[in-house]
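Beneath this line is the structure, given in structure tokens, with notes to follow.
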Amino acid sequence: MTDAGSFLNKEYQHGFVTKVDSETSPRGLNEDIIRFISQKKKEPKFLLDWRLDAYRGWLKMKEPTWARVTYPPIDYQNIIYYSAPKQKKGGPKSLEEVDREILRTYEKLGIPLEEQKRLAGVAVDAVFDSVSVATTFKEKLKEYGVIFCSFSEAVQKHPDLIRKYLGSVVPVTDNYFAALNSAVFSDGSFCYVPKGVRCPMELSTYFRINAMETGQFERTLIVADEGSVVSYLEGCTAPVRDKNQLHAAVVELVAHEKAQIKYSTVQNWYPGDKDGKGGIYNFVTKRGICRGAYSKISWTQVETGSAITWKYPSCILQGDHSVGEFYSVAVVNNHQQADTGTKMIHLGKNTRSTILSKGISARFGKNTYRGRVRILPQATGARNYTQCDSLLMGAQCSANTFPSIEVSNKTSRAEHEATTSRINEDQLFYCKQRGMSADNAISVIVHGFCKEVFKNLPMEFAVEASKLLGVTLEGSVG
Amino acid sequence: MDKTKMQQYTDAFEARKTGGMSEPLWVRRLREEAMAAFVEKGFPSTRDEAWRHTDLTAVREGAFIFEHKPVSLPQGRIEDLKKEYGGNLVVFVNGRYVEEVSSLPGNIGVTGLPKALESMPELESHCGTHADLKQNAFVALNTAFLGEGVLIKIPEGQVLEVPLRLMFIADPAIDGAIFQPRVLVLAGKRSAGTIVEHYSSAGSKSYFTNVVSEIILEEGASFRHYKIQDESKKAFHMASTWVVQEKGSRFSSWALSTGSRLMRNDCYVGLTKEETSCALNGLYLGDGEQHLDQHTFIDHRKPAGKSRQFFKGLMAGKSRGVFGGKVLVRQGAVQTDATQVNKNLLLSDEARVDTQPQLEIDTDDVKCSHGAAVGPLQEDAVFYLRSRGIGERDAGRILARGFVQEVIDAAEQDFFKRELEERVSQKLEAQFCQS
């Protein structure tokens, strides 16, 4: 019934390559490469030292093996750690100066990069391979005092903020991939929302890996000062390549008292072809800290792409009454593998967290939810609710649920529920009986299954996510 | 593992070899293999995923005494036991099967393990083949010293009407004794029966029980396995039960854990053929500094298997409860129906519960779910009782009693239900004195 099917394979839509002259570092990784990157970006000394520290820590670490994913060993010396589109001296002053090819790429991707698309109301920082190429709506944001720029620019213009917050949530040697990122990260986005400001528009970053055999290591840092509110969107695509490419990003969020950060991701990296060849290895560390009382961090992710996804957006709930949320849809088709979930660490009193995870596996896909809820003794009155559901399509796919719940005081509560099943035959029959095709029926049912998560996405993302879901699962059932 | 600490185990193993105990060649080979596996791995640490929440330092650092003189129970005690539990009784003292004081049913075979191993070469295909000595250090250790224990064989088509009680009484003369009994159950085709494994302490010495049970259910067999563990708070209790189910067989178990300082209770059920079903239930109640760890692993290998799991925990004082339950549905095990529920109550701010329910599913035509919860007594309910003039402690105890009754009701037989109710009430009393 739910076997590999009749009509397949809407191909990966964003698989084109953009021809741009680029400037790349030599292959491989050593201290000189790190110095080269740092020098290229004219970084202050503290940052170079920080990178070198991370690199030395990384050398002592071992690649983690506990995740339920399998891949051939990665040769870290065969990766190009820096690739940048060649720029005219001094960098682009305005959008007009940005390479037309790049702008056309973003147009193809449907990103409202150009000013004329102001109506879309989204401020975009676009990261092309390793560097940020354009940031829109700067002036408007400036009026409100919001800093939103590429990471490199922030290093030049706001070194104090960078120094204060960089690595404060994800320490340099937190894990293998975070350490690697800390050593070689090339660019990313930085956002600072000052006290009491409600960011006037949704901020957005679009990541694109273009060059061949490069790794992308970007770093995002968002700081929401007391009482501020910000919503941040992240999207990703890459061209079709036969070889696997590594993407190891780090995202850090800091929410001060009564601040709110909403972070939404639609991840659509190239997943490899239907035999599992090529695709992106998406090994990402995302973590937010609710520093102040009554702060809130909310993660929403739709993971449809990548050959392998390894990511656990987490919340450290330090401030009393702070709130952490995690909403996720992870879809694996063909030979994709995803090991994803979250960690909620309750430190403050009366902290609350909600986890809602929906996994869909089709054909040979492997989907794992891995989560940890920790309520420490001092976190009295803490509350957690977790629900993870898995939907299976095909006799050879798999779905795993590995939660861990630790409660250490008597006034807190934690609940976890999980179900795994295939598409309900009755629902399917009902839809088909009313004249829907099998594919249509499944699409409707799957959307229903994911609805609770999609409703947490900002409007324009929700539409994109729905479409993506359809594309990813097309032909997986028949 | 520390070499000097390992020495005591290798020494004891050598001593046993030169002790001149006669045993068949296959047993010797099995023991040697097990010892090698144990020496290689040593005891697990909290870095091992399956032992993440249970720290074995106390066991790892402990010095244990392997050889102990047989102790005889006073006659009065035996009479008491017979009076209390009646019927079929198999008595173990300090890990050793005492045939003289056991009273056995006629239609089934109960044989001391040394004799059984000697006279029944067919045991080679069961003993040590189901319990995983490669992965589990405690199974390896038990197997390395295989010798004490009992074989229970229910012939084809026979029904064991009166439950068989296995009394494990620990009464060591000195601190630090280690007891490693082994239970092997062969339930023939379409046979039925119930056993109760009961572990208790007589003296006040510290000791270490490391028991392994292997239960084989042939086609259409139906078997119940009850376990009561109320050893003294100076005891370490490590137990694993390995069940293999053939076509159409049914297995149910119920485990009550109230005793010992450090306990780990593992239950593995392999649904190796079609249309099998199993139900595992249990309750762990801790107080003081107790650490009680309950683990299950249900391996759905063939189509149309059904499994049910229902475990509850109640932790008071500074105790710590751990639950780890895994359901694996292999490729091809279609139409599997599996559920698992784990609920825990914390009665004190220093108590702690860690729960890890796991689902691993490799095919699509299944229906699986799990649920886990940790929380305090419901405030409204406590308030309701208190507003009717019931003291805080009593109110809590009444609610806790209600909380556990649901699991007790899952025990199918009345005699066991009554025994559970009595024991649980006693333990709750102790828990609420502390909280």
Side-chain angles (χ1 to χ4, degrees), chain A residues 1-3 66 68 359 361-364 366-378 380-425 477, chain B residues 47 49 52-53 313 315-316 318 320-379 396 435:
Chain A
M1 179 80 248
T2 48
D3 226 310
W66 44 262
R68 281 298 172 98
S361 322
R363 289 193 181 148
F364 305 98
K366 285 194 175 76
N367 209 333
T368 301
Y369 166 81
R370 192 184 297 277
R372 191 167 187 195
V373 175
R374 252 184 111 182
I375 300 179
L376 281 96
Q378 70 270 25
T380 51
R383 187 86 179 80
N384 161 264
Y385 174 75
T386 304
Q387 191 185 339
C388 8
D389 297 320
S390 305
L391 202 58
L392 298 155
M393 298 183 217
Q396 280 156 308
C397 64
S398 66
N400 304 324
T401 315
F402 299 140
S404 171
I405 303 157
E406 302 166 21
V407 183
S408 312
N409 69 59
K410 71 163 180 182
T411 47
S412 299
R413 281 164 196 276
E415 287 164 63
H416 171 97
E417 270 185 303
T419 61
T420 304
S421 64
R422 70 169 168 181
I423 284 190
N424 189 316
E425 298 276 335
V477 285
Chain B
R47 277 195 292 274
E49 189 58 28
R52 209 167 86 187
H53 299 293
M315 309 317 284
K318 291 181 181 168
R320 196 169 160 189
V322 179
F323 177 79
K326 184 166 177 172
V327 173
L328 171 64
V329 180
R330 299 193 191 231
Q331 237 175 58
V334 289
Q335 279 153 35
T336 288
D337 176 359
T339 65
Q340 181 192 72
V341 176
N342 174 238
K343 291 181 182 171
N344 301 279
L345 270 186
L346 286 176
L347 301 177
S348 109
D349 268 334
E350 286 158 313
R352 172 173 172 175
V353 164
D354 304 309
T355 172
Q356 273 185 290
Q358 308 199 331
L359 282 176
E360 210 178 316
I361 290 154
D362 294 327
T363 189
D364 70 338
D365 186 9
V366 298
K367 211 167 75 186
C368 298
S369 68
H370 67 205
V374 185
L377 288 166
Q378 230 182 328
E379 232 170 279
S435 64

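Naming convention: chains lettered A, B, ... in sequence-line order (proteins, then strands); numbering from 1 in each chain. Because the structure is a prediction, the values reported are computed rather than measured.
- If you measure heavy-atom distances from B:Lys343 to chain A, you find no contacts under 4.5 Å at all.
- Of the atoms belonging to A:Ser412, it is backbone heavy atoms, and not side-chain ones, that fall under 4.5 Å from chain B.
- For chain A, the nearby parts of B:Ala372 are the backbone and the side chain; heavy atoms of each come within less than 4.5 Å.
- When heavy atoms are compared at a cutoff of 4.5 Å, A:Arg68 approaches chain B solely by way of its side chain, counted from C-beta outward.
- When each of A:Ile405, A:Asn409, A:Asn367 is scored by its heavy-atom pairs under 4.5 Å with chain B, the top score falls to A:Ile405.
- Once rounded to the nearest 0.5 Å, the distance linking CG of A:Asn400 with OG of A:Ser361 reads 8.5 Å.
- A distance-only check finds a donor-acceptor pair linking the side chain of B:Asp349 to the backbone of A:Lys410 [under 3.5 Å].
- For the side chain to side chain donor-acceptor pair (under 3.5 Å) test, residues two or more places apart in sequence or in another chain that qualify with A:Thr419 are A:Asp389.
- With respect to chain A, the highest number of heavy-atom pairs below 4.5 Å among B:Pro357, B:Ala338, B:Ala351 belongs to B:Pro357.
- The CG atom of B:Leu347 lies 9.5 Å from the CE atom of B:Met315; values are rounded to the nearest 0.5 Å.
- Remark: the backbone N or O of B:Gln356 is not paired with any side-chain donor or acceptor of A:Ser404 at under 3.5 angstrom.
- Residues of residues 328-336 of chain B that come within less than 4.5 angstrom of chain A, heavy atom to heavy atom, are B:Gln331 in numerical order.
- Contact tally against chain A (heavy-atom pairs below 4.5 Å) for B:Arg52, B:Glu360, B:Gln358: the top residue is B:Glu360.
- Residue with the most contacts toward chain B among A:Arg383, A:Glu417, A:Gln396: A:Gln396 (heavy-atom pairs, distance under 4.5 Å).
- Side-chain contact between B:Glu350 and A:Pro377 is absent, with no heavy atoms from C-beta onward closer than 4.5 Å.
- Taking chain B as the reference chain and counting heavy-atom pairs below 4.5 Å, the highest number among A:Thr401, A:Thr368, A:Ile375 is found for A:Thr401.
- More than 12 heavy-atom neighbours from other residues, nucleotides or ligands sit within 6.0 angstrom of NZ on B:Lys326.
- Put simply, NE2 on B:His53 and OG1 on B:Thr355 are 8.5 Å apart, with the number rounded to the nearest 0.5 Å.
- Under 3.5 Å, the side chains of A:Thr386 and A:Asn384 contain a donor-acceptor pair of N or O atoms.
- No side-chain donor from either of A:Arg374 and A:Ser408 sits under 3.5 Å from a side-chain acceptor of the other.
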